[in-house]
Protein chains: 2
Amino acid sequence: MSDFRELIEMDKEAQCPRQYVLALTDTLNVISGKWKLPIVAALLRGRNRFKDLQENVEKITPRMLSKELKELEINGVLERKVYNQTPVLIEYQLTASGKNFANVIDAMIEWGLEHRREVMETGS
Amino acid sequence: MSDFRELIEMDKEAQCPRQYVLALTDTLNVISGKWKLPIVAALLRGRNRFKDLQENVEKITPRMLSKELKELEINGVLERKVYNQTPVLIEYQLTASGKNFANVIDAMIEWGLEHRREVMETGS
DNA sequence: TAACCCACTATACAAAAGTATAGTAATACT
DNA sequence: AGTATTACTATACTTTTGTATAGTGGGTTA
């Protein structure tokens with residue numbers, strides 16, 4: 001049985017263990033806001049230069065892109081790599097964790113699809 | 001192979017299918033903001049009256065609780081049930097979809113735990 | 001040497017989200 | 001009659017988040 005479901009079966013008065021709350025908070029840091037998820041998705045699909053991201057994440061301004069990339073870097077989701085060629089090449093690459101985030105996106109998509117089926121059926 | 005990973009393997013220039021985007025958006029509607037996830041978590045653990053939620057979701061004001069419950073109801077995540085007893089009893093119960101949301105929370109906790117292990121190891 | 005591309009940064013502003021505090025309406029309890 | 005409980009609502013405010021628009025600095029190309 002999974003982590004959280006296990007918890008649900010526990011004593012109703014018990015608190016959620018601190019490490020689970022921290023883990024959830026970390027995950028929310030990658031999801032929260034308008035842009036982080038689209039950026040991570042774009043990087044999963046291989047667009048990794050600043051300009052590529054500007055083009056592929058619809059209507060994001062350079063200010064927001066810059067800001068979000070910094071936060072994702074701080075949170076260990078991606079790495080900024082500078083290649084000292086001429087012209088200089090800067091790439092944003094997902095870390096191992098960043099790549100694993102596909103699992104979360106997947107769970108989200110699956111829930112969303114199933115939810116739509118449910119809503120259809122029950123007519124709410 | 002999972003929905004999204006499958007996509008990553010596809011043509012890099014292809015767009016994300018619309019239904020996946022919609023599904024993701026639905027899921028984000030349950031996650032976004034400061035309070036929805038704690039409320040859903042509390043309901044999964046069985047606290048389902050307004051007052052219970054006020055006590056169990058730390059520091060939420062009645063205004064926010066009311067607002068979030070309405071949105072979650074509109075999105076088909078929970079149902080508001082009025083029992084015409086005296087005194088009247090009002091319960092908020094997760095729908096089937098709402099209960100399934102434990103899967104997403106689970107994926108999030110798992111990613112968060114694994115991410116912390118990764119960050120420890122690589123020392124970033 | 002002028003225009004162009006890349007990768008941003010700066011400033012000001014607008015909109016969305018959340019907080020603080022108080023109040024309401026229905027019923028029950030003493 | 002007065003206090004308590006449940007389930008909220010109303011108003012005003014602050015904070016956070018995101019937008020618009022312009023500009024910078026290094027290099028490259030014509």
Side-chain angles (χ1 to χ4, degrees), chain A residues 12 21 24-43 46-75 77-94, chain B residues 21 24-43 46-75 77-94 98:
Chain A
K12 297 294 187 192
V21 175
L24 248 180
T25 305
D26 286 354
T27 310
L28 284 170
N29 282 336
V30 186
I31 285 173
S32 69
K34 189 172 175 180
W35 298 114
K36 291 202 188 71
L37 209 52
I39 290 169
V40 171
L43 288 173
R47 283 76 176 243
N48 46 16
R49 297 181 63 174
F50 195 92
K51 220 221 162 190
D52 298 329
L53 292 169
Q54 259 192 98
E55 280 163 13
N56 284 291
V57 179
E58 275 180 54
K59 302 199 176 169
I60 193 168
T61 59
R63 181 190 191 278
M64 289 311 286
L65 182 52
S66 172
K67 192 172 153 272
E68 303 292 53
L69 286 171
K70 266 173 201 158
E71 287 177 31
L72 289 169
E73 194 186 0
I74 286 167
N75 287 328
V77 175
L78 58 79
E79 282 181 301
R80 183 176 187 272
K81 292 207 172 164
V82 182
Y83 297 93
N84 279 322
Q85 318 167 347
T86 46
V88 68
L89 171 61
I90 292 165
E91 279 192 340
Y92 295 91
Q93 296 176 350
L94 293 174
Chain B
V21 175
L24 247 180
T25 305
D26 286 354
T27 310
L28 284 171
N29 282 336
V30 186
I31 286 175
S32 68
K34 188 171 175 181
W35 298 114
K36 291 200 187 73
L37 210 51
I39 290 168
V40 171
L43 288 173
R47 282 78 175 243
N48 46 15
R49 297 180 64 172
F50 196 91
K51 221 223 163 190
D52 298 329
L53 292 169
Q54 259 192 96
E55 281 164 10
N56 283 290
V57 179
E58 277 179 55
K59 302 201 176 169
I60 193 167
T61 60
R63 180 191 194 279
M64 288 311 285
L65 183 53
S66 172
K67 193 172 155 269
E68 303 291 56
L69 287 171
K70 267 173 200 156
E71 287 176 32
L72 289 168
E73 193 186 0
I74 287 167
N75 287 328
V77 176
L78 57 80
E79 280 181 302
R80 182 176 187 272
K81 292 207 173 166
V82 181
Y83 298 93
N84 279 323
Q85 316 168 350
T86 46
V88 69
L89 171 61
I90 293 165
E91 280 192 342
Y92 295 92
Q93 295 176 349
L94 293 175

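Order of the sequence lines sets the chain letters (A, B, ...), proteins ahead of strands, with each chain counted from 1. Scope of the values below: all heavy atoms of this structure, side chains included, with no hydrogens, waters or symmetry mates.
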What residues form a salt bridge (Lys or Arg N to Asp or Glu O under 4.0 Å) with A:K51, not counting sequence neighbours?
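Per chain and number, A:K51 pairs via salt bridge (Lys or Arg N to Asp or Glu O under 4.0 Å) with A:E55.
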Between [X] and [Y], is any pair of side-chain heavy atoms under 4.5 Å apart?
X: B:V57; Y: B:W35; value: yes
X: A:L65; Y: A:F50; value: yes
X: A:R49; Y: A:L89; value: yes

Tell me the interatomic distance from [X], atom [atom1], to [N], atom [atom2], rounded to whole angstroms.
X: A:I90; N: C:dC5; atom1: CD1; atom2: P; result: 18 Å
X: A:Q54; N: C:dC5; atom1: CD; atom2: P; result: 13 Å
X: A:K51; N: C:dC4; atom1: NZ; atom2: P; result: 14 Å
X: A:E91; N: C:dC8; atom1: CD; atom2: P; result: 12 Å
X: B:R63; N: C:dG18; atom1: CZ; atom2: C1'; result: 8 Å
X: A:Q85; N: C:dC6; atom1: CD; atom2: C1'; result: 13 Å

Provide the closest heavy-atom pair for [X] versus [Y] in the form atom of the first, atom of the second, distance.
X: A:L43; Y: A:Y92; answer: CD2-O, 3.3 Å
X: B:V40; Y: B:L94; answer: O-CD1, 4.1 Å
X: B:L53; Y: B:I39; answer: CD2-O, 4.4 Å

Pairs meeting criterion salt bridge (charged side-chain N to carboxylate O under 4.0 Å, His left out) with involvement of residues 61-72 of chain B, two or more places apart
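Salt bridge (charged side-chain N to carboxylate O under 4.0 Å, His left out) check on residues 61-72 of chain B returns B:K36-B:E68, B:K36-B:E71, B:K67-B:E71.
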Indicate yes or no for a side-chain donor-acceptor contact from B:T25 to the backbone of B:V21 under 3.5 Å, with no hydrogens or angles considered.
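Flag set: sc B:T25 to bb B:V21 pair under 3.5 Å.
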Going by number, which of residues 64-73 of chain B have a non-hydrogen atom under 4.0 Å from DNA chain D?
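B:S66, B:K70 - these, ordered by number, are the residues of the stretch whose heavy atoms sit under 4.0 Å from the strand.
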Residues in side-chain contact (heavy atoms from CB on, under 4.5 Å) contact with A:L28, at least two apart in sequence or another chain
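Partners of A:L28 by the side-chain contact (heavy atoms from CB on, under 4.5 Å) criterion, ordered by chain and then number, come out as B:I31, B:L37, B:M108.
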Evaluate A:R80 against A:I90 for side chain to side chain contact (heavy atoms under 4.5 Å, CB included), listing each step before the verdict.
CA-CA 7 Å; A:R80 183 176 187 272; A:I90 292 165; 3.5 Å; yes
Which nucleotide of DNA chain D is the first, and which the last, in the 5' to 3' direction, to come under 4.0 Å of a heavy atom belonging to chain B?
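Contact boundaries, 5' end first: D:dT6 to D:dA12.
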Under 4.0 Å from OP1 or OP2 of [N]: is there any side-chain N or O of [X] that close?
X: A:R49; N: C:dA7; answer: yes
X: A:Y83; N: C:dC6; answer: no
X: B:K34; N: C:dT19; answer: yes

Anything under 3.5 Å between a protein N or O and an N or O of nucleotides 24-29 of chain C, put it in a table, one pair a line.
residue, atom, partner, partner atom, Å
C:dA28, OP1, B:T86, OG1, 3.3

Assuming nearest nucleotide by heavy-atom distance, tell me which of A:P62 and A:K59 is located more 5' along DNA chain D.
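Per heavy-atom nearest nucleotide, the more 5' residue is A:K59.
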